[in-house]
Amino acid sequence: MSRGKTEKNVSAAQTDPEREESTGGISPAQDPEFGDFIVQYGQNLKGETEVSPNSFFQDINGVYGILYVPLEEVGEPEINSYSYDALPKCYACMDVEAAAASGVTRLHEHPYLKLRGKGTAVAVADTGIDYRNPLFRDRLGSRIAFLWDQTLEGEPGGDVPFGRVFTKEDIDRALAEEEPLEAVPSVDENGHGTALAGIAAGNTDEGNQFTGAAPEAALLVVKLKQAKAWLRDFYLYPREAVVFQEDDVMLAVAWAVRRARELSMPLSLCLGIGSSQGAHMGKSPLSQYLDSVAGFSQTAVSVAAGNEGSTRNHFLGSFHETREAVTAELRVGEEEPGFTLEMWGQPPEVYGVSIQSPTGETLEVSSSLGSGTQTLSFVFVETKVLVNYVLVHGQTGNVLVYFRFLHPAPGIWKIHVRTRYRQEVHCHMWLPVEGLISPDTYFLEPSPYNTVTSPGDASGCMTVTAYQPRDGSLFYRDSRGYTPEGTVTPHLAAPGAGISVPMGNGTFGVMSGTSLAAAQAAGVSALLFQWAVQRENMPFLTGNSIRYYLQRGARREENVQYPNPEWGYGKIDLYHTFELLS
């Protein structure tokens, strides 16, 4: 099965109406025996398909779709020129007196504006929500308009390809019962999604000195299902790690957009997840899709910048006329079971690559076209390194060298990179984000820059980094920009370090992370939508426009040049944005 074939010939794959009968009631998206592949396709598809008739196709937005193929017919997944973008990337949660710092509470209480998000929708796609928490109710019942739980078995005839959707009416009936979970069995076991929803749109709780940024907005919540075992195994991610598949996130975004249109509400979407997979240039399917969504009228997208600045998971190699080789020294921890590593090199160079084990044994990586997956077996250690060398990646033009270290020997590994034409170029290497690799595996000479995670590299979204609201300092773990090609990211900073968030059972705790900053920005966007769209001041305001308005009104320190790779254009201050509007 190749991506090239699926892009031309997906018409014969079965679609949703045939799904239930063919799979015995369980969706192929939830079935661990099916692989998921993201494809681009054209309309009016014709011709004989080379895709198995046992496959299933799910449209996302008319450009991207998902092909579900039985794993027994897929064979061993492989990174090469046509399949890198087809394999869904995996995204982890970006977390480890916010409203006042962002100028929000002054607008809640302003005698004329009184902006609290009424008439807008805030969407959170994450680990779910504790819908029983009073922060998400008002005098009319639940403020959750719709909840899509991707982890539950679906019901025939639903408006989603898998899982179950609960409406406000369903949740209200459940809340009236003694055991609500029997009626609406959706639970946020992790708590991350509940925290984001609370920051973006939770009620005001004066007793706990807490308020969400948009406490009267309607909530659209997606509980993302966990990544399948076959994908975790291929990427060598821990089975217990909380990670989500790219295709499931794309479906969640498309669903939220449709639901907001049905409600006739402007939509502010929050994604507090991130991945270090890809070239960090905004070219992944999810990043490109979010770019298009943020360009829609009445739709904004806020995403986390990531928490990779201090992890030592990024290496930058620079080449020029007098420097034709660099060496990345990689320390591998004692308990490291295996990991992936991606090297991306700028064109038009051709890079020679070799790997040196801790015992000094060096093996070359072939750069020949069509070499497929190379297995490098070392004599003095039991480690095997599977390598794919992609001379031209289709979306970026970069060289991609993809490594999978199996049972790596502990110690110092060296990756030697040589250029052929002595061009002034850079190469980047990224390890997986924190939590998906041992903390004892890292580069000895890392760079904290170019570490903003995907989809924070999407140019049309609002990428948000975190700061400590008490003293105004940048969160030390923040990922830093820019993208490798120099595009400004992050765009803005919001409170996200040491802030109060709702936890389980109606309690509050303290958390830090750029995902919390993204949630704050999503709530702020909802307030701006309320003023612009609901009050008809700017009825066709887009997410891109919201970002530009907030950049103009951002608070900036004297004697600091903006934008910069740490703060972007500065700290969000919605009140100052309105001062400039007036």
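Any value given below was found using the heavy atoms of this structure, including those in side chains, with hydrogens, waters and symmetry copies removed. None of these values were measured; they are calculated from a predicted model. Nothing fancy with the numbering, it's 1 onward along the sequence.
For Phe37 and Trp230, the ring centers are positioned less than 6.0 Å apart. If you look at Phe403 and Trp413, their ring centroids are not closer than 6.0 Å. Less than 6.0 angstrom separates the ring centroid of Trp344 from the ring centroid of His393. For Trp430 and Phe443, the distance between ring centers is not under 6.0 angstrom.
The closest donor-acceptor contact from the side chain of Gln346 to the backbone of His426 lies under 3.5 Å. The main-chain N or O of Thr463 is found under 3.5 Å from a side-chain atom of His491 such that the two form a donor-acceptor pair. A donor-acceptor pair under 3.5 Å is formed between the side chain of Arg232 and the backbone N or O of Ala241. Between the side chain of Lys225 and the backbone N or O of Ala29 there is at least one donor-acceptor pair closer than 3.5 Å. Listed for the Ser479 side chain is a donor-acceptor partner under 3.5 Å among the backbone atoms of Gly306. Not a single donor-acceptor pair under 3.5 Å links the side chain of Thr483 to the backbone N or O of His280. The backbone N or O of Gly460 sits less than 3.5 Å from a side-chain atom of Asp291, completing a donor-acceptor pair. The closest donor-acceptor contact from the side chain of Glu349 to the backbone of Arg422 lies under 3.5 Å. A side-chain donor-acceptor contact under 3.5 Å links Thr451 to the backbone of Arg480. In this structure, Ser275 contributes its side chain and Cys90 its backbone to a donor-acceptor pair below 3.5 Å.
To the nearest 0.5 Å, atoms CG (Leu196) and SG (Cys93) are separated by 7.5 Å. A distance of 12.5 Å separates CG in Asn450 from CZ in Phe315, rounded to the nearest 0.5 Å. Here the CG atom belonging to Asp126 is positioned 10.5 Å from the CE atom belonging to Met94, to the nearest 0.5 angstrom. Asp31 CG to Leu71 CG: the interatomic distance, rounded to the nearest 0.5 Å, is 8.5 Å. Within the model, atoms CZ of Arg420 and CZ of Phe319 stand 13.5 Å from one another, a figure rounded to the nearest 0.5 Å. The CG atom of Asp85 sits 7.5 Å away from the OG atom of Ser284 when rounded to the nearest 0.5 Å.
Judged purely by distance below 3.5 Å, without hydrogens or angles, the side chains of Glu566 and Tyr449 pair a donor atom with an acceptor atom. Gln245 and Asp36 are linked by a side-chain donor-acceptor pair at a separation below 3.5 angstrom, with hydrogens and angles left out of the test. With no hydrogens or angles considered, a side-chain donor-acceptor pair links Ser287 and Asp457 at under 3.5 Å. For the 3.5 Å distance criterion, the side chains of His416 and Gln356 qualify, holding a donor opposite an acceptor. Checked by atom type, the side-chain pair Thr311/Glu308 shows a donor-acceptor distance below 3.5 Å.
A 4.5 Å side-chain heavy-atom check between Tyr482 and Thr487 finds every atom pair outside the cut-off. Residues Ile66 and Tyr64 are not in side-chain contact: their nearest non-hydrogen atoms beyond the backbone lie 4.5 Å or more apart. Using a 4.5 Å heavy-atom cutoff, the side chains of Asn544 and Tyr548 are in contact. In this structure, the side chains of Cys461 and Pro455 stay at 4.5 Å or more apart for every pair of heavy atoms. Between Gln298 and Leu267, the closest side-chain pair of non-hydrogen atoms is not below 4.5 Å. The side-chain heavy atoms of Leu290 and Leu271, taken from C-beta on, include a pair separated by under 4.5 Å. Put simply, the side chain of Ser354 reaches to within 4.5 Å of the side chain of Arg418, judged on heavy atoms. Counting heavy atoms from C-beta on, the side chains of Tyr68 and Ser55 never come closer than 4.5 Å.
Taking all atoms of both residues into account, the shortest heavy-atom contact from Met511 to Ala195 is SD-CB, 4.0 Å. Heavy-atom minimum distance, Glu361 versus Ser377: OE2-O, 4.5 Å. Annotation for Phe378 and Ile355: closest pair CE2-O, 3.9 Å, computed over non-hydrogen atoms. Leu431 approaches Tyr442 most closely through the heavy-atom pair CD1-CA, 4.0 Å. The two residues Ala92 and Val433 come nearest to each other via the heavy atoms CB-CG2, 4.0 Å. Tyr235 and Thr340 get closest at one heavy-atom pair: O-CG2, 3.2 Å.
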Note to self: If you apply the rule side chain to side chain contact (heavy atoms under 4.5 Å, CB included), what do you find for Leu286 with Lys89, and how did you get there?
What the structure shows: CA-CA 9 Å; Leu286 176 60; Lys89 310 304 177 291; over 6 Å; no

Notebook entry, point to check: Would Asp233 and Arg239 satisfy salt bridge (Lys or Arg N to Asp or Glu O under 4.0 Å), going step by step from the backbone distance to the final call?
Noted result: CA-CA 8 Å; Asp233 292 345; Arg239 285 290 184 97; 2.8 Å; yes

Next item on the list: In sequence, state the C-alpha distance, the side-chain angles, and the governing distance for Val353 and Met343, and then conclude on side chain to side chain contact (heavy atoms under 4.5 Å, CB included).
Entry: CA-CA 10 Å; Val353 180; Met343 187 197 106; 4.2 Å; yes

Next item on the list: Begin from the C-alpha positions of Leu236 and Phe405 and carry the test side chain to side chain contact (heavy atoms under 4.5 Å, CB included) through to its verdict.
Entry: CA-CA 9 Å; Leu236 303 176; Phe405 283 75; 5.6 Å; no

Check: side chain to side chain contact (heavy atoms under 4.5 Å, CB included) between Ser357 and Thr383: does it pass, once the steps are laid out?
Finding: CA-CA 9 Å; Ser357 74; Thr383 305; over 6 Å; no

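Within a 6.0 Å radius of NZ in Lys283, no more than 12 heavy atoms belonging to other residues, nucleotides or ligands are found. In this structure, His407 places its NE2 atom where only 12 or fewer heavy-atom neighbours from other residues, nucleotides or ligands lie under 6.0 Å away. Applying the 6.0 Å contact sphere to CD of Glu445 captures no more than 12 heavy atoms from other residues, nucleotides or ligands.
Between Tyr402 and Phe234, the ring planes are parallel. Angles under 30° get that label, and only those over 60° would be called perpendicular. Using a 30° and 60° split on the angle between ring planes, His428 and His314 fall in the parallel class, below 30°.
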Side-chain atoms of residues 329-339: list all donor-acceptor pairs with protein atoms under 3.5 Å, sequence neighbours left out, distances to 0.1 Å.
{"from": "Arg331", "atom 1": "NH1", "to": "Asp440", "atom 2": "O", "distance (Å)": "2.7"}
{"from": "Glu336", "atom 1": "OE1", "to": "Ser438", "atom 2": "N", "distance (Å)": "3.1"}
{"from": "Glu336", "atom 1": "OE1", "to": "Thr441", "atom 2": "OG1", "distance (Å)": "2.9"}
{"from": "Glu336", "atom 1": "OE2", "to": "Gly338", "atom 2": "N", "distance (Å)": "3.4"}

